[in-house]
Amino acid sequence: MPKEYRTIQEVAGPLMLVKGVENVGYDELGEIELSDGTRRRCKVLQIDEGNAMVQLFENATGINLDSSKVRFFGKSMELGVSEDMLGRMFDGLGRPIDGGPEIIPDARMDINGLPINPAARAYPSEFIQTGVSAIDGLNTLVRGQKLPIFSCSGLPHANLAAQIARQAKVRGTTEPFAVVFAAMGITFEEANFFMNSFRETGAIDRAVMFLNLANDPAVERISTPRMALTAAEYLAFEKDMHVLVILTDITNYADSLREVSAARKEVPGRRGYPGYMYTDLASLYERAGRQIGRKGSITMVPILTMPEDDKTHPIPDLTGYITEGQIILGRDLYRKGVQPPIDVLPSLSRLKDKGIGEGKTREDHANTMNQLFAAYSRGKDAKELMVVLGEAALSDMDKLYAKFADEFEKQYVSQGYNTDRSIEETLDLGWKLLGILPKSELKRIKDEYIEKYYKPYDEA
């Protein structure tokens with residue numbers, strides 16, 4: 001039986017000081033029992049000569065310093081894992097919230113996990129089809145990759161997250177595919193949207209959902225992504241599944257980190273965020289990947305809203321350092337009615353070259369991708385020139401490029417949130433749009449592919 005302590009000295013926000021503890025370690029899980037028998041979970045943040053700084057997972061309301069008692073369990077926080085988690089919904093502490101029975105675990109795993117040893121990592125090389133042309137065709141997601149989505153406040157990143165979760169698949173394999181979805185600090189309305197979206201389409205059957213609402217304790221937000229990644233590691237590396245992990249919204253997670261750091265009176269770093277935020281985010285992101293000798297994999301799509309639409313804000317800035325690219329949603333495209341409003345030019349997937357080509361997507365993929373980028377970039381430049389100087393100042397070729405940019409946004413990028421395009425449909429659509437330009441302009445595509453796929457736009 002764990003030893004009980006009645007030596008709570010102070011409670012400040014999510015933190016509590018317990019004096020005179022023995023044989024208690026950092027990150028150890030504990031439990032507070034109130035005078036009415038209510039129990040709340042906590043964990044040790046700091047130990048200093050028998051004094052334990054404890055972080056509460058629920059609010060501090062009703063804790064009486066004299067009559068409440070604390071006991072420590074000698075282990076860190078764990079999640080009971082089982083294949084029965086598929087199709088289920090949990091809160092940020094891993095408790096079922098869908099009205100179903102408790103999970104009977106096959107194993108109990110430490111939620112902090114272990115980062116994958118770099119020497120044991122297998123290089124990402126297999127294409128994951130999301131059904132979204134702006135991602136599949138231009139910024140391809142590869143199995144084992146970490147590819148974040150950078151959004152702005154008020155943009156429909158939730159719709160895009162749900163679309164990717166519903167549609168994503170690894171082609172050409174019969175190995176099982178699962179989605180682990182973790183939402184942090186979202187409103188009840190957003191939670192309902194995700195739950196209904198998953199249920200209506202049947203995607204819930206292959207998904208595990210962890211939902212932390214905005215009115216849940218901020219501290220619970222810090223454990224939510226770790227719970228999700230622990231479930232993902234079990235499914236990937238114990239059950240040989242391909243797992244896609246979607247984390248939304250990393251900004252809410254980082255704000256909770258700042259809140260706890262301020263309560264601990266730590267010296268703040270940039271914008272008040274703790275100096276260890278880079279390390280903390282890396283401890284999440286680096287749990288994704290593939291391991292040599294194991295069939296399963298974890299591919300991660302973290303979603304974050306950039307405060308004040310600022311790419312240099314610490315959260316997107318540090319995320320960009322740790323991950324392999326970013327998909328950026330643009331406010332201008334959203335105002336034009338483009339759905340999803342993916343701004344393809346500043347977006348980037350650093351591993352896209354590894355997941356495309358013959359045997360993975362199609363032999364013409366790399367060439368058409370480069371040509372679409374170049375043509376869209378020149379088309380946008382032509383449209384900006386048109387705004388300043390008027391249409392009469394443009395050459396006939398510039399007018400074609402401006403037309404290409406308009407059609408590219410309308411047809412290729414704007415596909416709605418319910419359209420699931422195969423990679424062949426995406427590549428064929430790219431060729432249809434390149435038909436707006438004469439053959440002589442397709443300087444980034446091999447002649448053999450032009451002969452095979454090119455048709456003038458009117459004939460396509």
Side-chain angles (χ1 to χ4, degrees), residues 127-142 147 149 156 159-160 163-164 166-169 171-172 327-330 333-334 336-349 352-353 355-380 382-383 399-439 441-460:
F127 168 66
I128 288 184
Q129 180 176 292
T130 64
V132 180
S133 292
I135 297 175
D136 292 348
L138 302 173
N139 294 291
T140 313
L141 179 64
V142 181
L147 185 62
I149 294 174
N159 302 60
L160 181 59
Q163 183 177 17
I164 293 171
R166 291 193 311 265
Q167 297 178 177
K169 58 181 78 72
R171 288 167 37 115
I327 303 293
I328 295 178
L329 302 190
L333 290 172
Y334 178 63
K336 286 184 191 175
V338 174
Q339 296 178 331
I342 295 174
D343 196 349
V344 297
L345 293 180
S347 296
L348 168 71
S349 169
K352 64 187 173 192
D353 297 338
I356 63 175
E358 198 166 355
K360 293 178 180 176
T361 53
R362 205 166 74 184
E363 77 276 8
D364 60 312
H365 192 158
N367 283 191
T368 51
M369 173 179 72
N370 294 333
Q371 190 65 63
L372 286 168
F373 269 124
Y376 182 50
S377 177
R378 183 167 167 186
K380 285 192 79 173
K383 287 177 69 179
K399 286 175 187 169
L400 279 180
Y401 273 105
K403 179 186 176 185
F404 172 87
D406 283 336
E407 293 303 318
F408 179 79
E409 286 175 4
K410 276 184 212 160
Q411 296 185 45
Y412 194 95
V413 181
S414 187
Q415 66 178 72
Y417 298 109
N418 296 308
T419 306
D420 185 359
R421 287 183 186 154
S422 69
I423 186 61
E424 289 79 15
E425 288 174 308
T426 290
L427 291 170
D428 290 344
L429 179 56
W431 276 107
K432 177 188 169 188
L433 293 170
L434 288 173
I436 293 172
L437 306 172
K439 281 186 185 180
E441 289 296 304
L442 307 184
K443 299 184 174 77
R444 295 168 187 266
I445 303 180
K446 291 180 181 176
D447 291 342
E448 60 193 270
Y449 301 150
I450 293 176
E451 290 304 314
K452 186 173 179 182
Y453 295 108
Y454 178 84
K455 284 181 189 168
Y457 186 68
D458 298 333
E459 298 172 24

CD1 on Ile135 to CD1 on Ile149, rounded to 0.5 Å: 5.5 Å
Short side-chain to backbone donor-acceptor contact, Ser377 and Phe373, under 3.5 Å: no
Close side-chain approach of Lys352 and Asn139, heavy atoms under 4.5 Å: yes
Residue pair Arg166, Gln163: steps toward the side chain to side chain contact (heavy atoms under 4.5 Å, CB included) verdict: CA-CA 5 Å; Arg166 291 193 311 265; Gln163 183 177 17; 4.0 Å; yes
Side chain proximity check, Leu400 to Pro438, heavy atoms < 4.5 angstrom: yes
Min side-chain heavy-atom separation His365-Thr140 under 4.5 Å: yes
Side chain to side chain contact (heavy atoms under 4.5 Å, CB included) partner of Ile342, the single match among Ile328, Val132, Leu138: Val132
Test item: Glu363 side-chain N/O and Glu358 main-chain N/O as donor-acceptor pair under 3.5 Å: no
Heavy-atom side-chain proximity of Tyr412 to Thr426 below 4.5 angstrom: yes
Separation between CD1 of Ile450 and CH2 of Trp431, rounded to the nearest 0.5 Å: 5.5 Å
Expected output: side-chain Asp136 to main-chain Ile423 donor-acceptor under 3.5 Å: no
Heavy-atom side-chain proximity of Leu329 to Tyr334 below 4.5 angstrom: no
Sub-4.5 Å side-chain heavy-atom contact between Leu433 and Tyr457: yes
Arg362 CZ: over 12 foreign heavy atoms closer than 6.0 Å: yes
Full working for side chain to side chain donor-acceptor pair (under 3.5 Å) between Ser133 and Arg421: CA-CA 7 Å; Ser133 292; Arg421 287 183 186 154; 2.8 Å; yes
Ile128 versus Ala168, closest heavy-atom pair with distance: CG2-CB, 4.4 Å
Side chain Gln371, main chain Lys443, donor-acceptor under 3.5 Å: yes
Tyr449 and Tyr453 aromatic ring geometry - parallel, tilted or perpendicular at 30°/60° bounds: tilted
Spacing of CD belonging to Gln129 relative to CD belonging to Gln167, to within rounding of 0.5 Å: 9.0 Å
Distance, nearest 0.5 Å, that separates CG of Leu345 from CG of Asp343: 6.0 Å
Whether Ser414 side chain and Gln339 backbone form a donor-acceptor pair below 3.5 Å: yes
Lys399, NZ atom: more than 12 neighbouring heavy atoms under 6.0 Å: yes
Where Phe404 and Tyr376 come nearest, the two heavy atoms and their spacing: CE2-N, 3.5 Å
Closest contact, heavy atoms only, Ala405 versus Lys380: CB-N, 4.1 Å
Separation of Leu147 CG from Thr130 OG1 (nearest 0.5 Å): 9.5 Å
For Gly355 against Phe127, the heavy-atom pair lying closest together: O-CB, 3.1 Å
Close side-chain approach of Asp420 and Lys169, heavy atoms under 4.5 Å: yes
Heavy-atom check, side chain of Asp364 versus side chain of Ile445, under 4.5 Å: no
Side chain to side chain contact (heavy atoms under 4.5 Å, CB included) between Glu425 and Gln415, worked out: CA-CA 12 Å; Glu425 288 174 308; Gln415 66 178 72; over 6 Å; no
Pair Lys383-Asp406, side chain to side chain contact (heavy atoms under 4.5 Å, CB included): steps then yes or no: CA-CA 9 Å; Lys383 287 177 69 179; Asp406 283 336; 2.5 Å; yes
